[in-house]
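Naming convention: chains lettered A, B, ... in sequence-line order (proteins, then strands); numbering from 1 in each chain.
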Protein chains: 4
Amino acid sequence: MTSETPRRRLAPEVRRRQVLDAALAVFSEEGFHGASMDAVAARAGVSKPLVYAHGGSKDELFAACLRREAERLLRSVQAAAGEPGEAPLVRLRRALRAFFHALTTQRAGWTVLYRQASTGPFAGEVDALRRRIVEQAADLMAGGLGVPRAVALPYAHTVVGAAEGLADWWLTDPDAGRATDAEPADVLADMLVTVVGPGLDALTGGAIGVSAAVSDER
Amino acid sequence: MTSETPRRRLAPEVRRRQVLDAALAVFSEEGFHGASMDAVAARAGVSKPLVYAHGGSKDELFAACLRREAERLLRSVQAAAGEPGEAPLVRLRRALRAFFHALTTQRAGWTVLYRQASTGPFAGEVDALRRRIVEQAADLMAGGLGVPRAVALPYAHTVVGAAEGLADWWLTDPDAGRATDAEPADVLADMLVTVVGPGLDALTGGAIGVSAAVSDER
Amino acid sequence: MTSETPRRRLAPEVRRRQVLDAALAVFSEEGFHGASMDAVAARAGVSKPLVYAHGGSKDELFAACLRREAERLLRSVQAAAGEPGEAPLVRLRRALRAFFHALTTQRAGWTVLYRQASTGPFAGEVDALRRRIVEQAADLMAGGLGVPRAVALPYAHTVVGAAEGLADWWLTDPDAGRATDAEPADVLADMLVTVVGPGLDALTGGAIGVSAAVSDER
Amino acid sequence: MTSETPRRRLAPEVRRRQVLDAALAVFSEEGFHGASMDAVAARAGVSKPLVYAHGGSKDELFAACLRREAERLLRSVQAAAGEPGEAPLVRLRRALRAFFHALTTQRAGWTVLYRQASTGPFAGEVDALRRRIVEQAADLMAGGLGVPRAVALPYAHTVVGAAEGLADWWLTDPDAGRATDAEPADVLADMLVTVVGPGLDALTGGAIGVSAAVSDER
DNA sequence: CATGAATGAGCATTCATTCAT
DNA sequence: GATGAATGAATGCTCATTCAT
């Protein structure tokens, strides 16, 4: 018999990450229902009971993936958005750049979060995340300028939706954002600011110097 | 056997529509994997083999639902967009209004298209549809004004993504678009034009009279 | 390929009995936990889903076996016990004869009822059955003679317990009851009456002519 | 690792008893199949491998419990039965009293022996025990009076079965044996002698002074 | 010696799919 | 043409058992 990988003993947290990583990959490729625990185990290179030991039931495992990826994504974007003192569109642009950058390293996570989870028993969890993101965006604007919340909220939904649309495009089409030789993530973020920035200006009655913000920080 | 409902022989195309309708309903409620062929048959009020006879395998059935709903949606929007002669933003707004209106009568279809199908073996099919929509939007602008395709395409992705985001919001949150007592579908469409219109103006170097178009046709 | 048994279509009630019979056999041999649905299916010569279709879940299947066997057994004994008008010991003897006779054709049922089910989620069901039997026996005596219930009840438990003990012996040991060439079931029943009859006489202060009853109806 | 409970090295036989006690408790509560080795280990407060080291496989562990409890029970009863010199019914009554008394302190053991083990791979073991008990009872009578073995054996089965029936009743129903305020174990034992004593007298043609024995030793 | 970590094997259950009527 | 009856193939999950430390 060829010397199979010997039954190594690993630290629980290492194993847990291993399992979560495998689960994320499989879930993102096959979807929640399409993914089998066997497939997760195989991907992780371990036995099925170990998956259960470290990840719990299939539902728990999926929820754990979800939460981990959401946390990661939110953290990146929040850190990039910076302090409330700055100009809203500048903060928005930095946040969007961070968002598109994060997707490059979290492609599977994004897929799981936005394509797999919005259905089934986790719609609630994902909805909550989405709401947190949108709220954050709405706060960014409602706080930064005097925009009333009732105006900021649909705007935030629009921007977040647009970002998701571009993200999907980017992850699907290899040419997306590659018109120039700048970093595609930045190109897409800037593009988005260019498109929605003036609209925000219009909504707020010119409270922001859009063009300045848009042309800034290149 | 006592002749209960006499199991009328129906014309094949009628049966087919019956089956597709049932399938759409079940798929939209339970998701692709959650839906069982038994449930579809029960919903259609026919036997399972008949479902197979008229709808093919589960995959084929799902794909058929997908295509039918996509066709419907595209047709509505295309019809509303009108002729190439008119002002792009006017056409865009009409198209968006039609889109949001269509969702009210095609809620199940939308759910299936965008929540269930974007994963699994149908991602391709959905992608193709999305691409058709985006192409159409890009044409609308690239044709209407002198915008180069390379600029129009990402813009189109942005707008379509934003529309999807708002649509999800709308279908999820009962308050979405109900700030005034205007038709919510129109409110959302107009909101979107307000947000992305000026950006288009900026992108094209002022080729369109945005403000006019935006305030027009109220 | 050798012509396997062709997938015959059978009437539902026939199939159901087939499945129940197989389940009873397997349960009686392996116990509830030891029995696998695969084994039941194999024994019935059908596929596993068919077992589920006709027998429900494993629990339901077991419960169904239980109830069917209990019903059978009770019916036999009740019929044999006859009308309240007759002498108690005569009725008791006839009932016991019927009981031991029933065991010959219901060996598996007995095992399932008394050896498998007294544990696990069905203890309640079996307890109820046992109580019905004991109550019936107690009534037989409390009603037939003037014995107070408080005396009849432990007596009934004693007699039923003794009958079960003999039954186990009989089903285990091939020699049991074969001292003479009379029907073993009858020998055991009569033996039991001989042993416990005089005790009943003693308990009731000689209300019954035991010896007469005991020697009667040979 | 911080030395919590220092996991004392214990003498092997002490450990073994610890493990057997835990196993008995778990088996009696959950049944053979329902009991998991994890549960046994947890109950014993030791690790699973230690259970294997001291108790062997699950089957062996169960068998060990079985044998230990059987031994205990037999010893109690044998000791109580006393010397062959005495009157058979007196000895029987003492033995029965000891039996019912033993159950109060060995409830778990009884449950395991008679409810869990009578099925599956241990039926043999339990049968052997039962046979030893019955043999003993038969010897008691065949030896004490001139009864031939062929008569004594079924009688013994009857008495033992009746005792088991009463025991089950007692352990199930809290009112059993509590008519007077005498010790229930004694009440049940005496009750049993009252019921089966006269029958033995009848079988042997009046060789024993039943009434004397029965009323004796109150 | 004692254990945490790991696994092979099995089980109840469901479902898409297809014959026989 | 339409259906009730049947099945092959998975799938989620658990457990007795054993290494590596």
[X]: what forms a side chain to side chain donor-acceptor pair (under 3.5 Å) with it, not counting sequence neighbours?
X	answer
Arg17(C)	none
Asp21(D)	Arg68(D)
Glu71(A)	none

Q.
Using heavy-atom distances to pick each residue's nearest nucleotide on DNA chain E, tell me which of Tyr52(B) and Ser47(D) is more 5'.
A. Ser47(D)

**Q.** From Asp59(D) atom CG to Phe122(D) atom CZ, the distance as rounded to the nearest 0.5 Å
**A.**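 Rounded to the nearest 0.5 Å, the CG-CZ separation comes to 4.0 Å.
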
**Q.** Nearest-0.5 Å distance that lies between atom CD in Glu125(D) and atom CZ in Arg67(D)
**A.**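 It comes to 4.0 Å.
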
Q | Short side-chain N/O contact to dG1(F) OP1/OP2 from Arg15(B), under 4.0 Å | A |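 No.
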
Q: Anything below 3.5 Å on both distances counts as a pair; with that, list the stems of at least three consecutive Watson-Crick or G-U pairs involving DNA chain E.
A: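 For DNA chain E the paired stretches long enough to count as stems (3 pairs minimum) are E:2-21 with F:2-21.
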
What integer distance in Å separates [X]:[atom1] from [N]:[atom2]?
X	N	atom1	atom2	value
Leu61(B)	dC15(E)	CG	C1'	15 Å
Leu10(A)	dT21(F)	CG	P	10 Å
Leu50(D)	dC19(F)	CG	C1'	16 Å
Glu60(D)	dT17(F)	CD	P	8 Å

(Q) On DNA chain F, compare the nucleotides closest to Ala53(C) and Gly45(B); which residue's is nearer the 5' end? (A) Gly45(B)

Q: Identify, between Gly56(A) and Asp59(D), the residue whose nearest nucleotide on DNA chain F lies closer to the 5' end.
A: Gly56(A)

Q) Just by distance, do the side chain of Glu69(A) and the backbone of Leu66(A) share a donor-acceptor pair under 3.5 Å? A)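 No; zero donor-acceptor contacts below 3.5 Å.
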
Output a table of donor-acceptor pairs, distance under 3.5 Å, between side-chain atoms of residues 42-50 of chain B and any protein atom two or more places apart or on a different chain; print 'none' if there are none.
residue	atom	partner	partner atom	Å
Arg43(B)	NH1	Glu29(B)	OE1	3.4
Arg43(B)	NH2	Glu29(B)	OE2	2.7
Lys48(B)	NZ	Asp38(B)	OD1	3.4
Lys48(B)	NZ	Asp38(B)	OD2	3.3

Pairs under 3.5 angstrom, nitrogen or oxygen only, protein versus nucleotides 9-11 of chain F, please.
none

(Q) Once you apply a heavy-atom cut-off of 4.0 Å, does His54(A) come out as touching a base, just sugar-phosphate, or nothing? (A)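 It contacts sugar-phosphate atoms only.
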
Q.
Can you confirm if the NZ or CZ of Lys58(D) lies within 45° of the ring axis of Phe32(D) and under 6.0 Å from the centre of its six-membered ring?
A. yes

Q: In plain terms, say whether Arg16(A) and Glu13(A) are close enough for a salt bridge, that is, a side-chain N and a carboxylate O under 4.0 Å apart.
A: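 Salt bridge between Arg16(A) and Glu13(A), a charged N being under 4.0 Å from a carboxylate O: no.
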
